[in-house]
Every structure is written in C-alpha cells, then in structure tokens.
Amino acid sequence: MDTDGARKWGFNGNPELNASSISVRGVLNQLMENRNKDDNRPTIPLGRADPTMFPSYQTSPSFADDIADAVRSFKFNCYPPSFGVAQARRAVAEHLSKDLPYHLAPDDVYLTIGCTQAIEIVLSVLARPGANILLPRPGYPQYEARAGCSNLEARHFDLIPERGWEVDLDSVVALADENTVAMVIINPSNPCGNVFTYQHLKKIAETARKLGIFVISDEVYAHLAFGNNPFVPMGVFGSVVPVLTLGSLSKRWIVPGWRLGWIVTTDPGGIFQKQGLVDSIQSYLDITTDPPTFMQGALTQILGQTEEDFFSNILNLLREAADLLFDRVKEIPCLTCPHKPDGSMSVMVKLNLSVLEGIIDEVDFSMKLAKEESVIVLPGVAVGLKNWLRISTAVEYSSLDDGLRRIKAFYHRHAKKE
C-alpha cells in the first residue's frame with residue numbers, strides 16, 4: 001500500500017462552491033461561541049429573525065391539524081410532480097391573485113423548499129457567461145452567495161436610509177449594462193424594516209423596463225406591514241415589467257422550519273415564456289428535490305382558512321417591538337435608527353464608533369457585546385453594510401426590553417471619557 005503521501009489524487013474541492021459572502025448563520029454561530037459561559041443570564045437573540053422560540057409567536061394549532069389531516073389522508077405519500085401538487089399550486093395562485101389586478105393561473109406557480117431554494121433555482125437559471133444581476137445593499141446575503149456559486153456577477157445598488165431605505169434608482173441605471181439580467185428587491189425589507197410605497201414600486205418597474213431587465217421580488221415578509229405604508233406586491237406592475245415573485249409560509253405563518261415556498265411568474269404579458277425563462281425554471285425543477293408532498297397537501301387549508309385574528313395578533317406584536325426599539329435606541333448615544341420600522345422582522349441601526357473606546361468596528365462591537373452582555377446582534381457586514389447592525393424585532397417584548405437595557409449598559413462601559 002502506498003503510504004508516502006506523495007500520490008497525486010485526481011480530485012479537489014470546488015472553490016466556486018465556497019459561499020462568496022459571509023453567511024448569517026456562520027456569523028451568529030461565532031457570536032454564540034463568544035459568549036461568557038459563566039454568565040447565568042439568558043441570552044437575548046436579537047440577531048436572527050426567527051420568533052418561533054418565543055411563546056407569543058407560536059403558529060396556529062389549526063395549521064398543525066392541517067398537516068396531520070394531510071398525512072392521515074394517505075393521499076400524499078407519493079413523489080410530488082416536479083412543479084408542485086396541482087391543488088397546492090392553485091391555492092397559491094388564488095391567494096396571491098387577491099392583491100393583483102389580474103388573475104394568476106396554477107401554471108404560474110412553482111413550489112420550492114422555502115424561499116432559499118427559490119433563490120437557488122432562479123439565480124442558477126439566470127447564470128450564463130458574462131451575465132450580472134443587481135442586488136440591494138444592504139440585502140439578504142443568500143443572493144450574493146448563490147450568485148457566486150453560479151458564476152453570476154453580483155453588482156450592488158444602494159438603499160438610501162435617509163429616504164426610508166428607498167432604492168437609489170440612479171445607481172441602478174449606472175450599474176446596468178447589456179449583460180444585466182435582473183434586479184432584486186426585498187419588500188417588506190430584510191434587513192431594513194421598510195415597506196416600499198406604491199409610487200416607489202412603480203418607479204422601480206419603469207426603470208427596470210427601460211433597462212430591459214426583469215424584477216425578482218422577494219416577498220417572504222408579504223403583508224407583515226404595520227406602519228404607514230401598506231404592503232403592495234410588485235406583481236401589481238407585472239404589465240409594466242415582468243416580475244418573478246418569491247414567497248413562502250415561513251414568516252407570516254410563523255413556520256420557518258416547514259420549508260415551503262414558491263416562485264411565481266407575475267407576468268401577464270407572457271414575456272418569461274417568450275424569453276425561455278419558464279422552460280429553464282421547469283428544467284431545473286426536473287432535476288432538483290421537492291417540498292414534502294404532505295406539506296403541499298396541507299397548503300390549500302392553510303392559505304384558505306387562516307383567521308384574520310392570527311395575522312393581526314402577529315402584526316401587533318411586531319409593531320409594539322418596533323416602537324420599543326425605535327424609542328430606546330434614542331437613549332443609546334452610539335446607535336442611530338434613521339427610519340422607524342414599517343414592516344418585516346428586523347431593522348438596521350447605525351453604529352457611531354467615534355463615541356466608543358476600544359471598539360474597532362461593528363464586528364468587534366457585536367463580539368464584545370455577546371461576551372459581556374449575552375446579547376446577540378448581527379453585524380452589518382453580514383448584510384453588506386459596514387458599521388451598521390441588524391436587530392431583530394421578532395422577539396418577546398420583555399426580551400427586547402432586557403436586550404436594549406444591556407446594550408445601553410455596554411455603551412456606558414465603553415463610552416469615551418471626556
């Protein structure tokens with residue numbers, strides 16, 4: 001046996017598959033590991049928008065009954081069709097059509113394993129030599145990571161905090177060229193907590209049309225709008241510019257672990273079909289895995305029979321948390337919140353390093369905060385914005401209150417002495 005270690009092996013890891021951006025999970029894991037294990041206080045998790053660990057944010061028991069009914073029916077033990085179970089696709093089409101000026105067909109809907117797989121599919125089918133895609137900054141890092149894995153160049157347009165995190169449309173125009181395929185918007189916004197107005201969405205649609213690109217509208221937080229701006233789906237402007245709408249059950253129904261999402265061609269003009277994008281999506285779905293069949297079997301009941309009280313209760317909780325955060329940040333001199341959250345489950349807060357002693361950047365701030373106060377916040381580098389922090393509002397009111405008190409104490413301990 002050859003044991004000299006000199007043999008040349010014919011395989012290596014594929015560096016193209018190494019995520020090109022910092023992952024939220026990876027950063028949060030590092031912060032958790034940096035906690036002081038001797039601190040007996042509960043850890044306050046303000047870094048991740050997953051409220052399911054808190055009693056106030058439990059999903060409806062009726063949803064679990066719907067899942068159980070689908071399993072017990074024995075109708076959903078088979079492999080599902082590549083594009084999704086017919087009745088589930090119809091349910092999503094009917095659900096989304098309520099907010100659109102036209103009616104979606106079941107054939108416009110493709111079911112996915114959460115929105116993460118939807119992002120993977122869409123960016124994979126768009127990748128071709130020289131192509132680029134326009135992503136928001138700050139944004140959701142899964143887009144940049146998937147673009148990197150697919151050899152799709154990512155270019156970043158700015159969101160403007162002083163204008164309620166609106167898209168800088170001038171930067172969109174400056175970035176786009178003949179190889180640009182699409183632009184991504186996230187509405188309501190993760191990580192910023194804003195909700196785009198009808199007028200601004202219309203400008204985005206008109207800009208994309210002029211550039212000859214389509215819009216990928218990430219609407220995972222659809223209808224989680226509790227401020228002055230109501231949620232408007234980008235598909236409303238599908239007759240102006242073709243829109244791929246991405247969504248899931250995860251946030252609005254408080255079931256991120258159920259992993260059921262969708263890609264929807266909100267494109268009444270049929271441009272995606274003419275350009276071959278629909279064929280590409282369908283071909284990709286033929287070779288990838290599917291959401292569990294029984295989950296799809298329960299979708300009609302979940303989408304069609306959720307009581308409005310469930311949604312309004314979640315919105316009230318998020319609104320109260322957002323109000324608390326916005327007010328309390330004013331009491332912490334090293335933090336500034338330029339825009340009161342209107343929706344989603346997080347907000348971006350600016351870090352003023354000039355008033356702090358011995359803090360290098362937002363990563364250093366977050367690591368030391370985790371160690372000294374057992375409070376976890378997400379450093380802005382993870383979402384593309386240095387010296388900012390993303391703070392989740394999807395936590396119990398009392399936990400957020402405690403977390404903000406600890407951040408204030410941390411500031412006083414590290415404030416520059418005059």
Mind checking what makes salt bridge (Lys or Arg N to Asp or Glu O under 4.0 Å) contact with Lys350, not counting sequence neighbours? none
Do [X] and [Y] come close enough that some side-chain heavy atom pair is under 4.5 Å?
X: Phe365; Y: Pro379; value: no
X: Glu144; Y: His156; value: yes
X: Glu396; Y: Pro55; value: yes
X: Phe310; Y: Phe63; value: yes

N/O donor-acceptor pair under 3.5 Å between Asp342 side chain and Asn229 backbone: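 Such a contact is absent between Asp342 side chain and Asn229 backbone.
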Counting N and O atoms only, with roles assigned by atom type, does the side chain of Ser346 sit under 3.5 Å from a partner on the main chain of Pro191, one being a donor and the other an acceptor?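 Yes, because the side chain of Ser346 sits within donor-acceptor range (under 3.5 Å) of the backbone of Pro191.
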For the residue pair Thr52 and Asp50, confirm or rule out a side-chain donor-acceptor distance under 3.5 Å. yes
Any side-chain donor paired with an acceptor under 3.5 Å for Thr306 and Trp253?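 Yes - a donor-acceptor pair under 3.5 Å links their side chains.
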How long is the span from the OH atom in Tyr397 to the CG atom in Leu325, to the nearest 0.5 Å? 11.0 Å
Mutual orientation of the aromatic rings belonging to Trp9 and Phe11 [parallel < 30°, tilted 30-60°, perpendicular > 60°]: tilted
Using 30° and 60° as the class boundaries, would you call the ring planes of His200 and Phe196 parallel, tilted or perpendicular? tilted
Restricting to non-hydrogen atoms, name the atom on Leu201 and the atom on Met234 that form the minimum distance, rounded to 0.1 Å.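 It is O-CE, 3.5 Å.
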Less than 4.0 Å between a side-chain N and a carboxylate O, is that true for Arg163 and Asp168? no
Residues Asp323 and Lys340 bridged, charged N to O under 4.0 Å: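 Result for this pair is yes, salt bridge flagged.
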Partners passing side chain to side chain contact (heavy atoms under 4.5 Å, CB included) against Asp279 (at least two apart in sequence or in another chain):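 In terms of side chain to side chain contact (heavy atoms under 4.5 Å, CB included), with neighbours along the sequence ignored, Asp279 is linked to Gln273, Gln282.
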